[in-house]
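Structure, as structure tokens:
Here the structure is a predicted model, which means the values were calculated and not measured.
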Amino acid sequence: MYFKQIQTPGLGCFSYVLGCPAARVCAVVDPKRDIDCYLEIARDEGMAIAAVIETHLHADHISGGQELRAATGATIHIHPGAGVAYPHEPLAEGQVLEFGAARLQVLYTPGHTPNSVSLLVSDLARSPGPQMVLTGDVLFVGDIGRPDLPGAEILDEQVRNLHDSLYVKLGALPPELEVYPAHGQGSLCGRGMSAKGSSTLGYERRANPMLGYADFAAFKQAILARLPARPKSFSHIIETNRAGAPLGEACPSERELSLERFAALRAEPGTVVIDSRDAAAYGGAHIPGSLNIGFDKQLANWVGMSVAPGARILIVAADRERAAAMRLELFRIGYDAILGHLAGGMAAWTLSGRPVASLPQMSVRDLAMALSGDRPPLTLDVRTEAEWEAGHIAQALHRPFADILERGVDFCLDGPVAVVCGSGYRSNIIGSALAAKGCADVRSVAGGMIAWGRAGLPTVAP
């Protein structure tokens with residue numbers, strides 16, 4: 001049996017190729033939208049991609065199923081409860097799919113979504129018994145799937161289903177089975193995933209805290225205590241995957257834009273300029289109204305939190321290669337209206353004599369001095385609840401990142417605001433958003449609370 005796990009950096013997605021070179025056939029499970037790696041594997045191993053199997057309707061990335069079907073003619077398999085609008089074959093409890101020596105048996109394991117399945121995998125060249133289980137987003141390494149994405153109206157049902165899938169359905173399987181999930185560290189489909197790509201059921205039962213509750217009531221209380229933030233992009237991604245994503249060839253094709261073309265598109269309604277340079281470069285000079293989301297390994301998650309999915313996007317990047325990489329990251333999460341990037345970058349804009357803005361970067365020592373002065377700035381801490389409770393600046397006002405982006409703020413127009421986060425990344429996103437909305441005196445705290453702590457400055461905890 002051929003088996004390979006493929007990781008998508010940043011999003012934390014795992015996809016899989018399973019098949020049999022001797023039988024010259026394989027399947028792809030939970031594919032990402034850019035499919036070249038699967039085509040290369042199939043070509044190199046002499047296998048035809050006969051099937052795409054979706055363990056559930058994904059919320060954090062656009063499936064590559066449509067791209068693979070267009071390229072190879074593969075049949076897409078997904079649980080009928082997903083309600084997809086494109087041609088597919090439904091997956092049923094107990095159903096067996098074989099690709100030469102690779103045998104996959106379907107287990108219905110709802111909870112992360114009402115349509116989630118897991119796949120028991122056997123290598124028939126060795127034994128008819130299962131060797132591993134692909135758990136989708138029901139069970140991760142070190143965590144379990146979040147149950148809230150399908151909506152609040154079925155949350156209680158989802159929590160019960162998730163408990164039964166983990167403790168009853170997967171609980172009946174032997175401990176030596178290897179566990180291969182659809183996501184790992186970096187994903188927002190859970191909250192405490194390991195960096196490891198696989199585990200075993202026995203080890204997870206011993207070490208995964210979410211599998212150790214004595215009763216359902218304790219399990220429910222724990223899983224609902226701190227659900228991760230839900231990015232703006234998730235609903236759009238779910239509906240795009242349900243309808244069937246448009247092929248990449250149908251997306252806007254403009255890439256490098258002249259200064260004049262970039263400026264004209266920027267002036268059109270619904271256009272968002274994302275500046276992906278680092279905080280210091282953006283802080284020194286940027287296009288007025290642009291949003292600073294630096295090119296970080298989790299850039300796609302931050303864009304998903306910050307930018308409406310239907311936005312027409314222009315990119316300012318450090319170079320042409322970084323702009324292309326950012327475009328790919330956004331393509332993976334369904335931001336298809338990417339109009340292009342500015343030729344020559346910020347230097348071209350500045351040298352043209354067009355207006356520029358700045359976002360001052362404030363050191364933690366300067367903030368400490370300002371807080372003890374006659375006119376202290378409003379210190380806005382945008383970290384999560386858990387980060388805040390672990391320690392914060394005594395005078396700070398806490399407004400989590402996601403809450404500000406969802407609800408906005410109304411307190412920054414009359415005085416200075418210093419935005420602080422963990423490292424200075426989120427504070428630049430919020431600082432740039434506040435400045436774009438008219439906050440006249442806003443600055444980002446460089447290095448954030450990491451720098452504050454390393455400077456030996458005091459914190460308090462609730």
Side-chain angles (χ1 to χ4, degrees), residues 1-56 58 60-69 71-78 91 96-107 117-141 176-187 189 193-201 203-204 297 328 332:
M1 178 182 76
Y2 180 91
F3 175 80
K4 187 173 182 64
Q5 181 187 65
I6 296 163
Q7 182 178 13
T8 305
L11 287 171
C13 301
F14 292 127
S15 56
Y16 300 90
V17 179
L18 301 96
C20 181
R24 304 180 67 82
V25 65
C26 68
V28 181
V29 178
D30 293 329
K32 59 179 179 175
R33 197 177 185 187
D34 46 308
I35 62 169
D36 286 352
C37 63
Y38 312 117
L39 300 178
E40 289 173 6
I41 289 170
R43 181 178 63 250
D44 292 347
E45 299 296 332
M47 299 184 294
I49 299 175
V52 172
I53 302 172
E54 303 281 10
T55 59
H56 61 289
H58 297 282
D60 71 325
H61 69 278
I62 300 296
S63 166
Q66 304 304 316
E67 298 281 347
L68 280 171
R69 183 173 63 180
T72 69
T75 300
I76 301 176
H77 300 258
I78 191 169
L91 294 172
V96 173
L97 301 170
E98 291 189 2
F99 306 92
R103 172 187 285 172
L104 283 63
Q105 181 181 347
V106 178
L107 297 178
V117 301
S118 298
L119 300 168
L120 279 173
V121 180
S122 300
D123 181 356
L124 299 179
R126 302 183 64 192
S127 168
Q131 175 186 359
M132 63 186 76
V133 57
L134 307 187
T135 54
D137 279 7
V138 173
L139 174 62
F140 301 125
V141 179
E176 66 269 17
L177 281 188
E178 299 168 18
V179 171
Y180 286 91
H183 284 93
Q185 190 177 65
S187 169
C189 291
M193 302 178 211
S194 169
K196 281 180 58 61
S198 65
S199 184
T200 65
L201 281 176
Y203 187 80
E204 290 307 302
K297 63 183 179 180
L328 175 59
R332 288 172 174 165

*Show your working on side chain to side chain contact (heavy atoms under 4.5 Å, CB included) between L119 and Q105 and close with a plain yes or no.*
CA-CA 5 Å; L119 300 168; Q105 181 181 347; over 6 Å; no
Counting C-beta onward and ignoring hydrogens, is there a side-chain heavy-atom pair between [X] and [Y] closer than 4.5 Å?
X: S63; Y: P31; value: yes
X: L120; Y: L107; value: yes
X: L134; Y: S118; value: no
X: L139; Y: L201; value: yes
X: V133; Y: V179; value: yes
X: Q66; Y: I76; value: yes

_With rounding to the nearest 0.5 angstrom, report the CE to CZ distance, M1 to R126._
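The CZ atom of R126 is 8.5 Å from CE of M1, to the nearest 0.5 Å.
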Closest non-hydrogen atom pair, [X] against [Y]:
X: L177; Y: P130; value: CD2-O, 3.2 Å
X: P181; Y: F14; value: O-CB, 3.4 Å
X: T200; Y: E176; value: CG2-O, 4.4 Å
X: V117; Y: E54; value: CG2-O, 4.2 Å
X: S127; Y: S122; value: O-CB, 4.1 Å
X: G100; Y: L124; value: O-CD1, 4.0 Å

_Step-by-step side chain to side chain donor-acceptor pair (under 3.5 Å) determination, D137 to H58_ = CA-CA 9 Å; D137 279 7; H58 297 282; 4.9 Å; no
Validation: residues 3-12 side-chain donor-acceptor distances under 3.5 Å, sequence neighbours left out:
| unit_1 | atom_1 | unit_2 | atom_2 | d |
| --- | --- | --- | --- | --- |
| Q5 | NE2 | Y16 | OH | 3.0 |
| Q5 | NE2 | G197 | O | 2.9 |

Contacts under 3.5 angstrom, residues 36-53 side chains, donor-acceptor by atom type, not counting sequence neighbours:
| unit_1 | atom_1 | unit_2 | atom_2 | d |
| --- | --- | --- | --- | --- |
| Y38 | OH | S15 | OG | 2.6 |
| Y38 | OH | K32 | N | 2.9 |

*Is it true that the side chains of S198 and E178 contain a donor and an acceptor less than 3.5 Å apart?*
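No, because no side-chain N or O of S198 sits under 3.5 Å from a partner of the opposite role on E178.
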_Please determine whether side chain to side chain contact (heavy atoms under 4.5 Å, CB included) holds for the pair V29 and L18, giving the CA-CA distance in whole Å, both sets of side-chain angles, and the decisive distance to 0.1 Å._
CA-CA 8 Å; V29 178; L18 301 96; 3.6 Å; yes
